[in-house]
Amino acid sequence: MNFTLLITVLLTALTLVAGAYVVAKLIGPRSYAKLKGEPYESGIPTRGSSWLPVSVGFYLFAILFLMFDVETLFLYPWAVVVKEFGAAALLSIGFFLVVLVLGLAYAWRKGDLEWK
């Protein structure tokens, strides 16, 4: 196999990333003030720890959102080729949507979509 194209793409990507990093370091603004280390750089001194516990519900909600968001991205390629495959494509996407709805119903019934 000839990997010339793959190597060219990878080298181009690495060169562009390294170049952007070097340019940003050379011409980017610098600030070494003590205030720069404060959270949000608002200038208001913090009281206590900035690390506060966050409810697991936020993470669960975010994961569910990403999961259903990514699954809906799979609908686009299907829509592009649906005419070529006919009934087989319709059955496969129907099964996919049934599994998606069952997952949503499970999360809803379990109470994972409610803010507590």
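Since this is a predicted model, take the numbers as computed values, not measurements.
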With clusters built from Ile, Leu, Val, Met, Phe, Trp and Tyr whose side-chain heavy atoms come within less than 4.5 Å, directly or transitively, what are the remaining members of the cluster of [X], listed by chain and number?
X	value
Val9	Leu5
Val22	Val23, Leu26, Ile27
Val81	Tyr76, Val80, Phe85
Val17	none

Who are the ring pair (Phe, Tyr, Trp, His ring centres under 6.0 Å) partners of Phe74, not counting sequence neighbours?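 So Phe74 forms no ring pair (Phe, Tyr, Trp, His ring centres under 6.0 Å) with any residue.
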What pairs meet the side-chain hydrogen bond (donor to acceptor under 3.5 Å, both in side chains) rule with one or both residues in residues 57-74, with sequence neighbours excluded?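 Sorted pair list comes back empty.
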Please determine whether residues Ile7 and Leu14 belong to a single hydrophobic cluster, defined as Ile, Leu, Val, Met, Phe, Trp and Tyr linked transitively by side-chain heavy-atom distances below 4.5 Å.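 No, no single cluster joins them.
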Following the transitive rule for hydrophobic clusters with a side-chain heavy-atom cut-off under 4.5 Å over Ile, Leu, Val, Met, Phe, Trp and Tyr, establish whether Phe68 and Ile63 coincide in one cluster.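 As far as the 4.5 Å side-chain criterion goes, Ile63 and Phe68 are not connected within one cluster.
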Does Trp78 CH2 have over 12 foreign heavy atoms under 6.0 Å away?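 Buried by this count: over 12 neighbours within 6.0 Å.
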NZ-CG distance between Lys110 and Leu60, expressed to the nearest 0.5 angstrom: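 Going from NZ on Lys110 over to CG on Leu60, the span is 7.0 Å.
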Taking only residues two or more places apart in sequence or in another chain, which ones pass side-chain contact (heavy atoms from CB on, under 4.5 Å) with Leu16?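 side-chain contact (heavy atoms from CB on, under 4.5 Å) check on Leu16 returns Thr12.
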Do any side-chain atoms of residues 86-106 form donor-acceptor pairs under 3.5 angstrom with protein atoms, and if so which ones, sequence neighbours left out?
from: Ser92; atom 1: OG; to: Ala88; atom 2: O; distance (Å): 3.3
from: Ser92; atom 1: OG; to: Ala89; atom 2: O; distance (Å): 2.9

Residues which pass side chain to side chain donor-acceptor pair (under 3.5 Å) with Thr4, listed by chain and number, not counting sequence neighbours: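 Thr4 satisfies side chain to side chain donor-acceptor pair (under 3.5 Å) with Asn2 once adjacent residues are dropped.
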